[in-house]
Amino acid sequence: MAFTITMLSWSAIEYRQQIEDAGELEHTMEAIKWGTDYFIKAHTSPNVLWAEVGDGDTDHYCWQRPEDMTTSRRAFKIDENNPGSDLAGETAAAMAAASILFRKTNPHYSHLLLHHALQLFEFGDKYRGNYDASVGVVKSYYASVSGYMDELLWAATWLYKATDNKMYLQYVISNAHTFGGTGWSISEFIWDVKYAGLQLMVSKLLSEEKHKKHRDILEQYKSKAEYYICSCLNKNNDSNNVERTPAGLIYVRQWNNMQYVSTAAFLLSIYSDFLQSTNQKLNCHGGTVDHEEILNFAKSQADYILGSNPMNMSYLVGYGPNYPKRVHHRGASIVSYKKNKGFIGCTQGYDNWYGSQAPNPNVLVGALVGGPDGKDNFEDRRNNFMQTEACTYNTAPLVGVFAKFLHIENQKLVHDCNSHLVASFK
């Protein structure tokens, strides 16, 4: 959830004007505030953050509407004795990123978010440990593969961006090696593994004069960020490239592959902008790449998501004429409370709805499902959760990506209109 909010905020920071031009800035800010309001409530004291409500085992035992749930909703927290640096770090990053966004329109709220972000980072840094070691119920569902060091570097980077306080930059520089920031070359960027996003953010600092004294470390971050970009473009050594499906979709693994696609499209778009604004090119092992080639590849991924693929399927639910109708989602798959006010029991949903061949009665508009397999095949079945489950962190990076490409299309239209006017005037 925190990664979703960080990515929504980053989208709106990078592409604020484009999102506003599309008439969606208010909606974006509302969605972000919905998340950050929750984090404020969950952060009940400096060293306490409520980490999870309910547990995966009892949740998965039932298939019912949230309105009807009677299962235990026990809450679990991280604190000084039960640390969770990865969770505290990501939540700090989300609040720091959102604070940048709200600075002009809601300065009081922005200040409040920053206050929480600073406390959470300090807590996560002082009491170090993985939250899946402290909160046992998350182990089977949200295990931390990359540990917590990437989240601490990520949070410090966002706090530096939000405060301009050199202390946070120093943290990113001095821990660069020990925390893996300049050590890990990684070809994926997701809710658990932040290195590529962090490396890209830090490498952008190189273009500013005030960061010259840290050039050596920043260059090391940059080389790792470029490894990620080159890997997505298939321009690294063969064994270090991201796989693609026959139709060209980035393919990392079979379970919820679209999360890797949406984050890649976002990071590629941002790095393309960075190269364009600094008049640079990217030198990969497989050749030199300009900003246009990077952006075109990002666009190919966005186009695939929206239906330009062998299945002619839009993997963004509710978009286009053909999209997944049997999304693996309890609320969407069971008739709404407005239509049927009768109680639907814990396993009753399995009996009456889960196995049904009928489309979901409620359309989960805007959800990005897990997507096709490595051969571009997709089965629209509710129990095919590897492909039909939807996650908020899948969709969040697309807000910026779609705003960027809409802006480009609109510019083309204006250019074409102007050309036609000139032609007809003559």
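Side chains included, hydrogens not; waters and symmetry mates left out as well; all remaining heavy atoms used.
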Measure the shortest side-chain to side-chain distance between [X] and [Y] over non-hydrogen atoms and say whether it is less than 4.5 angstrom.
| X | Y | result |
| --- | --- | --- |
| L118 | Y168 | yes |
| D164 | K210 | yes |
| L306 | L316 | yes |
| L249 | M258 | yes |
| I5 | F39 | yes |
| R128 | P83 | no |
| S187 | V252 | no |
| F274 | Q280 | yes |

Exercise. Would F3 and F189 count as a ring pair (Phe, Tyr, Trp, His ring centres under 6.0 Å) if you check the C-alpha gap in whole Å, the side-chain angles of each, and the deciding distance to 0.1 Å?
Worked result: CA-CA 11 Å; F3 182 65; F189 174 52; 5.5 Å; yes
Problem set entry | Pair R215 + E219, salt bridge at N-O below 4.0 Å | yes
Can you measure from [atom1] ([X]) to [atom2] ([Y]) and round to the nearest 0.5 angstrom?
| X | Y | atom1 | atom2 | value |
| --- | --- | --- | --- | --- |
| L114 | S99 | CG | OG | 4.5 Å |
| N236 | S185 | CG | OG | 8.5 Å |
| Y131 | K139 | OH | NZ | 11.0 Å |

Problem set entry | Audit row: K204, K161, side-chain contact (heavy atoms from CB on, under 4.5 Å) steps and yes/no | CA-CA 11 Å; K204 286 172 72 175; K161 196 171 167 70; 5.8 Å; no
For this session: Tell me, with the steps shown, if D192 and Y142 meet side chain to side chain donor-acceptor pair (under 3.5 Å).
Result: CA-CA 8 Å; D192 176 37; Y142 305 112; over 6 Å; no
For the backbone of [Y] and the side chain of [X], can you confirm whether one donor and one acceptor N or O come within less than 3.5 Å of each other?
| X | Y | value |
| --- | --- | --- |
| H407 | E409 | no |
| S85 | G129 | yes |
| H177 | G180 | no |
| N47 | D79 | no |
| N234 | N241 | no |
| K104 | L101 | no |
| D376 | P310 | no |
| D303 | S308 | no |
| N384 | T388 | no |
| N377 | D373 | no |

Will you find, in the side chains of [X] and [Y], an N or O donor that is under 3.5 Å from an N or O acceptor?
| X | Y | value |
| --- | --- | --- |
| S333 | W63 | yes |
| D86 | S144 | yes |
| Q170 | Y160 | no |

Problem set entry | Audit row: K404, E14, salt bridge (charged side-chain N to carboxylate O under 4.0 Å, His left out) steps and yes/no | CA-CA 9 Å; K404 165 83 178 169; E14 295 284 343; over 6 Å; no
Exercise. Between D55, D57, D59, which is the residue that forms a side chain to side chain contact (heavy atoms under 4.5 Å, CB included) with Y141?
Worked result: D57
For this session: For the pair Y228 and Y271, evaluate ring pair (Phe, Tyr, Trp, His ring centres under 6.0 Å) and give the outcome as yes or no after the intermediate values.
Result: CA-CA 11 Å; Y228 172 84; Y271 209 66; 9.6 Å; no
Exercise. Given N256 and E389, is the side-chain contact (heavy atoms from CB on, under 4.5 Å) satisfied, shown in steps?
Worked result: CA-CA 7 Å; N256 189 17; E389 189 170 13; over 6 Å; no
For this session: Output, in order, the C-alpha distance, side-chain angles, deciding distance and verdict of side chain to side chain donor-acceptor pair (under 3.5 Å) for Y171 and N165.
Result: CA-CA 11 Å; Y171 186 96; N165 184 330; over 6 Å; no
Exercise. Picking from R326, K325, H329, R382, what satisfies side-chain hydrogen bond (donor to acceptor under 3.5 Å, both in side chains) with N360?
Worked result: R382
Exercise. How far apart are the C-alpha atoms of D21 and Q17, what are their side-chain angles, what is the distance that settles it, and do they pass the side chain to side chain donor-acceptor pair (under 3.5 Å) test?
Worked result: CA-CA 6 Å; D21 291 348; Q17 191 57 55; 2.9 Å; yes
Problem set entry | Stepwise ring pair (Phe, Tyr, Trp, His ring centres under 6.0 Å) test for F385 and W255 | CA-CA 8 Å; F385 42 80; W255 194 309; 5.4 Å; yes
Exercise. Is the number of heavy atoms from other residues, nucleotides or ligands within 6.0 Å of CH2 (W184) greater than 12?
Worked result: no
For this session: Over all heavy atoms of both residues, which pair between S11 and F266 is shortest? Give the atoms and the distance, please.
Result: OG-CE1, 3.5 Å
Exercise. Which word best sums up how the rings of Y350 and Y354 line up, parallel for under 30°, tilted for 30 to 60°, or perpendicular for over 60°?
Worked result: perpendicular
Problem set entry | Check against side-chain contact (heavy atoms from CB on, under 4.5 Å), S231 and N240 | CA-CA 6 Å; S231 176; N240 299 323; 5.7 Å; no
For this session: I would like to know whether Y323 and V369 meet side-chain contact (heavy atoms from CB on, under 4.5 Å); could you show each step before the answer?
Result: CA-CA 10 Å; Y323 55 83; V369 296; over 6 Å; no
For this session: Report yes or no: is the cationic atom of K33 (NZ for Lys, CZ for Arg) under 6.0 Å from the centre of the six-membered ring of Y109, at an angle within 45° of the ring normal?
Result: yes
